[in-house]
Amino acid sequence: MDEDFVSLDELRSVTADDIPLEAPATSSGCSSKSCGSSGGQGDMPAEVWEKIKDHPCYSEEAHHYFARMHVAVAPACNIQCNYCNRKYDCANESRPGVVSEKLTPDQALRKVVTVANEVPQLSVLGIAGPGDACYDWRKSKATFEAVSKAIPDIKLCISTNGLALPDHVDELAKMNVDHVTITINMVDPEIGTKIYPWIFYNHRRYTGLEASQILHERQMLGLEMLTARGILTKINSVMIPGVNDEHLKVVNAEVKKRGAFLHNIMPLISDPAHGTHYGLTGQRGPTHAELKTLQDACAGGANLMRHCRQCRADAVGLLGEDRGQEFTLNQIPEEVSYDPAQRDTYRQVVARERADHVDAKSRAIADLMAAADAPILVAVATKGGGRVNQHFGHAREFQVYEASAKGVSFVGHRKVEDAYCQGGFGEDATLTSTIATLEGITAVLCAKVGDCPKDELSRAGIIVSDAYAYEYIENAISNFYLNEIGSAAPQARSA
Ligand code: CLF
Ligand code: SF4
């Protein structure tokens with residue numbers, strides 16, 4: 001264990017007295033020059049790094065430390081997507097699930113202040129529906145204005161289907177909204193006809209090719225306007241096998257040409273129970289391997305985001321967790337006032353921890369690059385903080401990294417149906433589905449694991465180890481590879 005280790009729980013409960021007086025160590029920059037979302041301070045202009053360094057979606061590194069929250073103030077939408085059921089949140093930025101609690105801008109302000117006082121990791125307020133945040137503009141704007149007045153340093157982030165976006169770009173720029181997500185599933189309106197049955201634009205409903213043509217033109221215009229104003233854009237694309245999967249390579253190139261900062265290719269979530277057109281007609285989503293193959297094929301184009309959790313329109317917390325249920329309206333006081341102390345203190349501790357992490361991982365990745373052979377996939381149980389710090393039985397998802405002679409790179413996450421540990425005993429059915437979820441994974445690294453799940457996974461050909469508990473993730477993976485795969489590398493599973 002690293003001597004400077006600071007657990008996430010400690011980070012959450014820090015007070016000003018815990019902060020040392022010396023200045024944080026200077027980061028040497030990460031040696032891994034991979035995709036933009038995992039890029040570090042040395043990989044981009046200082047002003048861009050300043051905008052993304054605390055944004056958990058725009059920086060893969062930041063998502064270990066910082067949290068976002070969404071407020072569901074924008075229920076109305078102006079288009080229909082075949083993967084959406086209006087009973088649920090916007091599937092462009094949230095998984096279909098339980099309907100969000102809709103908020104007025106005043107209620108949203110109270111909720112954001114309450115969360116900021118209790119969740120020191122909070123860095124970003126996003127509006128991601130549950131409809132379209134640009135179409136339901138008055139409420140989105142009123143919320144941003146009220147929150148940025150109360151908490152001036154919070155980053156504002158918005159997600160939209162793009163149809164109404166060009167009408168609001170100037171106001172977004174005026175409000176210092178630095179981050180805009182546009183969902184772009186096609187740049188060929190013919191393909192659009194298989195995704196969008198209709199749009200509502202200029203007081204009229206359009207269908208067929210005309211609808212997709214208008215949507216496409218408005219999305220491109222909006223993206224170009226944002227780029228011209230220096231606003232960072234992330235493009236979300238839903239990967240729909242047989243509809244737009246191959247086409248997303250063209251989308252990647254086209255959005256890069258127009259200045260997109262990141263491209264987030266998300267798997268279609270399709271289930272008949274959700275009542276969507278795709279769910280009811282049996283359209284399947286991609287497998288983990290298909291998604292990774294497409295993402296790898298886009299390498300060299302627009303930088304890829306691979307750590308998206310397709311979170312709900314009322315999500316609260318680090319990307320892998322959702323604390324939304326702790327902050328429902330009935331739990332929020334009528335009168336609130338913002339106290340910056342916790343967030344300020346947390347940031348100081350994180351700055352120190354993060355600099356140490358960057359240095360340590362640079363060394364670990366260099367060691368691996370010098371010795372590694374065949375690539376392997378390693379799944380990590382983590383509660384955040386960039387460490388292997390969660391028990392196997394408590395994990396509801398695993399973060400997946402590829403270790404190879406190219407270094408250690410984040411490739412995605414695998415959600416499990418349920419945590420294996422069910423309050424003192426292990427659930428065998430859960431273990432079976434966890435093993436299926438971990439298909440293609442060589443090893444799982446966690447803070448602790450019992451003999452029973454360890455043996456079961458071993459029978460399925462997956463190594464589980466708690467020997468690297470509490471190390472930084474990249475160091476744990478590098479050490480695992482060098483100690484336990486090393487000479488056996490040719491037999492390692494191909495990623
Ligand atoms: Fe929210 Fe989206 Fe802003 Fe992030 S989410 S509006 S950019 S603050 Fe993030 Fe969630 Fe993925 Fe979105 S993990 S669904 S990419
Ligand atoms: Fe649904 Fe979002 Fe598409 Fe509107 S933009 S139809 S809310 S997925």
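All ligand and atom numbering here is 1-based and tracks the order in the structure. Keep in mind that this is a model prediction, so the values were computed, not measured. Counting from 1, the numbers follow the sequence of the chain as shown.
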- Item | Distance-only donor-acceptor check, side chains S237 and H263, under 3.5 Å | yes

- Item | S212 side chain vs G192 backbone, donor-acceptor pair below 3.5 Å | yes

Taking only non-hydrogen atoms of P130 and a 4.0 Å limit, the atoms of ligand 2 in range are 7 (S)

Near T181 (heavy-atom distance under 4.0 Å), the atoms of ligand 1 are 7 (S)

Within the 3.5 Å criterion, strictly below it, is a donor on Y83 or N185 matched to an acceptor on the partner's side chain? yes

For I79, the ligand 2 atoms with a heavy-atom partner under 4.0 Å come out as 4 (Fe), 5 (S), 6 (S)

Ligand 2 to C77, heavy atom cutoff 4.0 Å, flagged ligand atoms 4 (Fe), 5 (S), 6 (S), 7 (S)

Is it the case that N236 and N264 place a side-chain donor and acceptor less than 3.5 Å from each other? yes

| said: Using a distance threshold of 2.8 Å, state whether an N, O or S atom of C84 lies below it from atom 4 (Fe) of ligand 2. | reply: no

For R309, the ligand 1 atoms with a heavy-atom partner under 4.0 Å come out as 11 (Fe), 13 (S)

Note: K234, heavy atoms under 4.0 Å from ligand 1, region reported as side chain

For N161, the atoms of ligand 2 under 4.0 Å from one of its heavy atoms are 5 (S)

Note: ligand 1 atoms sitting under 4.0 Å from heavy atoms of V124 are 8 (S)

Next on the checklist: I'd like to know if atom 9 (Fe) of ligand 1 has an N/O/S atom from C308 within less than 2.8 Å of it, counting both backbone and side-chain atoms.
Outcome noted: no

| R387 to Y472, cation-pi by 6.0 Å centre distance and 45° axis angle | yes

request  = Would you kindly say whether H168 and E171 are connected by a side-chain donor-acceptor distance under 3.5 Å?
outcome  = yes

Q: Please say whether the positively charged group of R204, taken as NZ for Lys or CZ for Arg, lies over the ring of Y206, i.e. under 6.0 angstrom from the six-membered ring centre and within 45 degrees of the axis.
A: yes

A student checking ligand 1 against C311 at a 4.0 Å heavy-atom cut-off should list atoms 5 (S), 10 (Fe), 13 (S), 14 (S)

Quick note on ligand 1: atoms under 4.0 Å from a heavy atom of H70 include exactly 1 (Fe), 5 (S), 6 (S), 8 (S)

| query | Going by atom types alone, do Q331 and T328 pair a side-chain donor with an acceptor below 3.5 Å? | reply | yes

Do H391 and Y420 meet the criterion of a side-chain donor-acceptor pair at a distance under 3.5 Å? no

In ligand 1, the atoms that come under 4.0 Å of a heavy atom of C157 are 3 (Fe), 6 (S), 7 (S), 8 (S)

Checking heavy atoms under 4.0 Å, the part of M305 that sits near ligand 1 is side chain

Rounded to the nearest 0.5 Å, the CZ atom of R306 sits from the CD atom of E402 at a distance of 8.5 Å

Under 4.0 Å between heavy atoms, the region of C81 that gets near ligand 2 turns out to be both

